[in-house]
Amino acid sequence: MKFFNTLTGKKEDFQTLQPGQVGLYTCGPTVYDLAHIGNFRAYVFEDLLHRYLLYRGYAVTRVMNITDVDDKTIAGCLREGISLKEFTNRYLKFFLEDMESLRLLKPDYLPRATEHIPEMVSLIKTLLEKGFAYMKDGSIYFRISKFPSYGKLAHLDLSAIKPGARVEVDEYSKEDVRDFALWKAEPEGQVAWETELGRGRPGWHIECSAMSMKYLGETFDIHTGGIDNIFPHHENEIAQSEAATGKPFVRYWLHCAHLLVNNEKMSKSKGNFYTLRDLLNKGYNPLAVRYLLLSTHYRDPLNFTETSLAQATNTLRHYQEFFHNLSFYQGKQDNQILSQKIDQARKAFIEHLDDDLNISPALAAIFELIKEANIALNTASFSAENVRQLESFFLEVDQVLAILERRKETLEEEIVRLIRQREEARKAKNFKKADEIREELLRQGIVLEDTPAGTRWHRRQ
RNA sequence: GGCCUGGUAGCCAAGCGGCAAGGCAGCGGUCUGCAAAACCGCGAUUCGGCGGUUCAAAUCCGCCCCAGGCCUCCA
């Protein structure tokens, strides 16, 4: 298995620290608002990674942080006059619901920043003791000049950072404008913790260092996020963590490209975003959203349009109906070639996903199998065993893709009765009545398809 | 200014030196009582542009054009 490692800028063979085990840290949401589908692109990518590692037999321990204290969450709870916890709980709940709609696997740990203040304090104390941090006016900053490899992840030339260009020069009084806050003094602020470091609250970056190392150890396998997290967030995590432990922090850094809308980055600050709920309210299927976000390679920019979502909806419908229809087929002629095609599809699926999660050709292999299977099914050259193999294969790859609808396979008695009546009408060549029944069922959301082997049905999507 | 992506058929998207995957949409056909689904056929003589290297370039090199991102809020 290979992954493109941001740290080295190369595709590398994936070697775990412990045989068969993977420690995976995926940067999670700041719970101050609904996440938009640009955010979900990253979470869908992380879900694919998580599921594929499991599919390939790794024991995965995955951590996703919940940032529930920062400028925006504090501003939000003050604005509404409620506690920080009450405010962030609301958006955490929405986030977890959206995760479920998109079939995102739940991480093993979802640590909240506010529940790890002691761990952060302890890490900051270590940095102070080692001279990597200093206190100024009650706040504590990381001293970048003490950490020579700063910039190695983002491949940034530090001298190229122009003070004042985008740095707020006089917000805090730092030794060096590039230094970043580990701890923000809040002598008067309403949201603050009384600690050995004084009254204050943590900087943004420190939570990920403290929580990842708590749950995954001082060095772990994979850390992911959107490319906009590379700098400064992940760069700072490396600095804090490696300065404190003297050990390498993360072996593989994986970052996904942005989702664009009308060829612009989708972001809260631009106001050009869709939330998942916006799309569901328009009638789109959450699994179509999942499929769309999944089907472009994670390191390529994805330009989101409703046209592409509609296309994904159609692809998904065909895919799901193929699977659903398998249960209607009964055949007797064993087809060895079809069995071989299934094995070939599995082989291609794995080969391509092993290559830095190259999903497009992996999906192409599956679509080619569907075509082969349809030919066999339409010409009756298959056995019950072939059908069983197909069902089993599609359920297998669905461990990774998670796009199959687990529909109720039973129909109401009334509908079964109508289908039977229509069959009789057709046999009697009473096509007017047959068509009336078909239309009535369609109104009830049941689509009928007549095949030589009998009438099959599916629920309209 | 520095760094980094992307530009392949109407749309989405693989391929990254040896005849241009796959999906969606469209058109024609087969099947069907009619449909639907499925299948068959059609669709890029060409991969943003111009040069270069090579027996061979969408793939490598150079320059240019377009779009987007990062350079201390950000998935």
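Convention: sequence-line order gives letters A, B, ...; per-chain numbering from 1.
- B/rA25 and B/rC11 have their C1' atoms separated by 7 Å, with the value rounded to a whole Å.
- Using C1' as the reference atom, B/rG22 and B/rG43 are 16 Å apart when rounded to the nearest Å.
- Note on A/K371: only backbone sugar-phosphate atoms sit closer than 4.0 angstrom, heavy atoms only; bases stay farther off.
- When each of A/T114, A/D71, A/D70 is checked for a side chain to side chain donor-acceptor pair (under 3.5 Å) with A/R201, only A/D71 meets the rule.
- Here the separation of B/rG6 from B/rC42, taken at their C1' atoms, is 31 Å to the nearest Å.
- Contact annotation: A/K265 side-chain N/O to B/rC70 OP1/OP2 distance is under 4.0 Å.
- The pair A/D356-A/R299 meets the salt-bridge criterion, with a side-chain N (NZ, NE, NH1 or NH2) lying under 4.0 Å from an Asp/Glu carboxylate O.
- Across all strands shown, B/rC63 pairs with B/rG49; the Watson-Crick or G-U wobble distances both stay below 3.5 Å.
- Residue A/G38 is in base contact, counting any heavy-atom pair closer than 4.0 Å across all strands shown.
- The NE2-P distance, from A/H324 to B/rA36, rounds to 18 Å in whole Å.
- When the C1' atom is used for both B/rA13 and B/rG7, the distance is 13 Å, rounded to whole Å.
- Comparing the same atom, C1', in B/rC71 and in B/rG10 gives a spacing of 38 Å after rounding to whole Å.
- At least one side-chain nitrogen or oxygen of A/N314 sits closer than 4.0 Å to the OP1 or OP2 atom of B/rA25.
- The aromatic rings of A/F382 and A/Y329 sit perpendicular, their planes meeting at an angle over 60°, well past the 30° parallel limit.
- At least one donor-acceptor pair under 3.5 Å links the side chain of A/H155 to the backbone N or O of A/L7.
- A gap of 29 Å separates the P atoms of B/rA14 and B/rG51, to the nearest Å.
- Remark: the separation of the C1' atoms in B/rA21 and B/rU8 is 12 Å, to the nearest Å.
- The side chain of A/N378 places no N or O atom within less than 4.0 Å of a non-bridging phosphate oxygen (OP1 or OP2) of B/rC39.
- Proximity of a side-chain donor or acceptor of A/R41 to a complementary backbone N or O of A/A257 within less than 3.5 Å is detected.
- Here A/F367 does not count as stacked on B/rG22, because the ring centres are not under 5.5 angstrom apart with planes under 30°.
- The interatomic distance linking A/N303 (CG) with B/rA13 (P) rounds to 8 Å, in whole Å.
- Using a 4.0 Å cut-off, some side-chain N or O of A/H318 falls inside it from OP1 or OP2 of B/rC24.
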